[in-house]
Number of protein chains: 2
Amino acid sequence: MVKKLLIMEKALELFAKQGFEATSVQQITDYCGISKGAFYLSFKSKEELILELIDHFMKQFISDIDYSVKNTNKDDLLSAFFYATYQSFQEHSNFAKILIQEQAHSLSEEFLLRMRDYDHKLDKAILTMIERVYGPKIETIKYDLIYSIKGFVNNYSGLILFNNLPVDVDLLVRSLVEKTNILAQHMTIPFVSPEISTLLLRSKDEKVSKEQLIELLEQKLNELDESIEKESLSLLKQQLLEPSFSPAIVKGLLENIRNHPHCKWISYLLRDFFEI
Amino acid sequence: MVKKLLIMEKALELFAKQGFEATSVQQITDYCGISKGAFYLSFKSKEELILELIDHFMKQFISDIDYSVKNTNKDDLLSAFFYATYQSFQEHSNFAKILIQEQAHSLSEEFLLRMRDYDHKLDKAILTMIERVYGPKIETIKYDLIYSIKGFVNNYSGLILFNNLPVDVDLLVRSLVEKTNILAQHMTIPFVSPEISTLLLRSKDEKVSKEQLIELLEQKLNELDESIEKESLSLLKQQLLEPSFSPAIVKGLLENIRNHPHCKWISYLLRDFFEI
DNA sequence: TTGACAAATGACCAGTTAGTCATTATTATA
DNA sequence: TATAATAATGACTAACTGGTCATTTGTCAA
């Protein structure tokens, strides 16, 4: 099994330098000083190597973060989080580079799903953290806060990693903690509403449940006056409970409510649900 | 010439979906309904197509931003900037996707240099903007502010583009303006120092000049007490004025000062200069 | 209808890719 | 030492890549 680790190590180096696609199996085996056949004794495909690398490092990273978020006292929590993050990034800088720059497309569906899942876990860890640190007072802006924190981490990491800056980690952490605190204390206009967050915090393939949709529909129906939009919503609710209309009709009903400011979101969720 | 536009349009679509590398010329010509030969009548290579696409959209984008930054009164400046940005992104969402997710490596040096140049222009536009909006009081934190603004733009764009969210642009702009204002008013601990910014704001290939380095060296020499580090610095200054040591010696001298807190930066710049 | 010119084609080239497998080398066991 | 089992090799395949170019098609004016 030591061969497997050698391959993972050397491959990571090349991937960080050139990206997944631009690195060939031949290059990896040359760099390891082994034959191409030997590679396929350890991994059944290049794809499998990539997935194993992702799993290996993400499991470590997420559990590090999660631990520090759950086992540090409230006052040092933010510092601990940023420290743990940049500690991990420095220790595994090759992986960090891949994490930050390797884009969505190119690779397999499996890869995307897995990354999304890890991202989701990270979101939950950050959410736990800010709820512990700031309590209920950031309720309305917590999703924007998650996003801002992830933004800071990403951008400053990219800055450091791709310019090979010598880093004063202490300063970086203090600076990011301050930015986070400032935003938490003064932000009043959230952009990421709970509605949007439900979409972001669920996995890509698991849809909003029919029951959730119906609940949301009823809520919206109460808000609206008699109108084409309200009737459309009502018919869509009927369709949810007992499908009877053709796709064309459903599409038309969705079109009716699409531009109503109160219905944009529900229209989006319904489109997602009816796969239109 | 209409053929050329067709190719650019269709190619952009495929690039946004799959990335540059994963999209073949064959795929593009199939999607356009033309022959492979016809492609090479309009572009002399795939690379040329990519560069033309980048130029086409970046010139538009940068000039839009620059105009709005220079021709809006101070009070609406931030709003105008974020509006212009998201207007552009919505209008050219395929290009925006490429801009946000297409990573550094993979492509040619020419591509990297050009992107860096546009990025640099954007930095300058944002700098102009925040200096106009906030005046001298943000002097010490202005580079962190640039970075935070770019972080917000990038992250919220990614959020919107890759989840196909229906966007309330007004809300988004108000939310980002607020975040920016909050940071500008309360941030006190900058991470991006003027030293770092000199590195970021210059193009990749233009180095810090020898004269600037010597000036910086003399400054550091005055700060230090007699020590191995000071002697190393002195010898390095000598090497700058008149090269005489072998690369191994220079490397050793740099190693001597690498971990001294006062010398991290100068050591980095010298490594860059001596190409070690 | 003809001839001249430009536009468009797609078979073809040389190179690279991920992945296979008959063959050979190495090691452990008896 | 002889045998069996395992590890490792690298020439090979089939598919695909960016790019070329002899050939065909389309469009004019004469």
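In what follows, every chain begins at residue 1, and chains take the letters A, B, ... in the order their sequences are listed.
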>> I need a per-nucleotide contact map over nucleotides 9-25 of chain D, read 5' to 3'. Cutoff is protein heavy atoms under 4.0 Å; write B for the base, S for backbone only, - otherwise.
In response: BB------SBBBB----
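For Phe245(B), the side chain to side chain contact (heavy atoms under 4.5 Å, CB included) criterion is met by Leu235(B), Gln238(B), Gln239(B), Ile249(B), Val250(B), Leu253(B), not counting sequence neighbours. Every residue two or more places apart in sequence or in another chain was checked for a side-chain hydrogen bond (donor to acceptor under 3.5 Å, both in side chains) with Glu48(A), and none qualifies. Contacts of Phe152(B) classified as ring pair (Phe, Tyr, Trp, His ring centres under 6.0 Å), with partners at least two apart in sequence or in another chain: none. Remark: Thr29(B) engages no residue in a side-chain hydrogen bond (donor to acceptor under 3.5 Å, both in side chains) (not counting sequence neighbours). Glu9(A) is linked by a salt bridge (Lys or Arg N to Asp or Glu O under 4.0 Å) to nothing, counting only residues two or more places apart in sequence or in another chain. Applying the side-chain hydrogen bond (donor to acceptor under 3.5 Å, both in side chains) criterion to Gln26(A), with sequence neighbours excluded, gives Asp30(A). The side chain to side chain contact (heavy atoms under 4.5 Å, CB included) check on Ala80(A) picks up Thr72(A), with sequence neighbours excluded. Partners of Tyr118(B) by side-chain hydrogen bond (donor to acceptor under 3.5 Å, both in side chains), not counting sequence neighbours, listed by chain and number: Asp55(B). With sequence neighbours left out, Asp119(B) forms a side chain to side chain contact (heavy atoms under 4.5 Å, CB included) with Asp123(B), Lys150(B).
In summary, the aromatic rings of Phe43(A) and Phe39(A) are positioned with their centroids under 6.0 Å apart.
Protein chain B touches strand DNA chain C; the 5'-most and 3'-most nucleotides with an atom under 4.0 angstrom of its non-hydrogen atoms are dA8(C) to dG10(C).
Each end of the helix from dT1(C)-dA30(D) to dA30(C)-dT1(D) gets its own axis from five base pairs, and the two axes differ in direction by 10°, given to 10 degrees.
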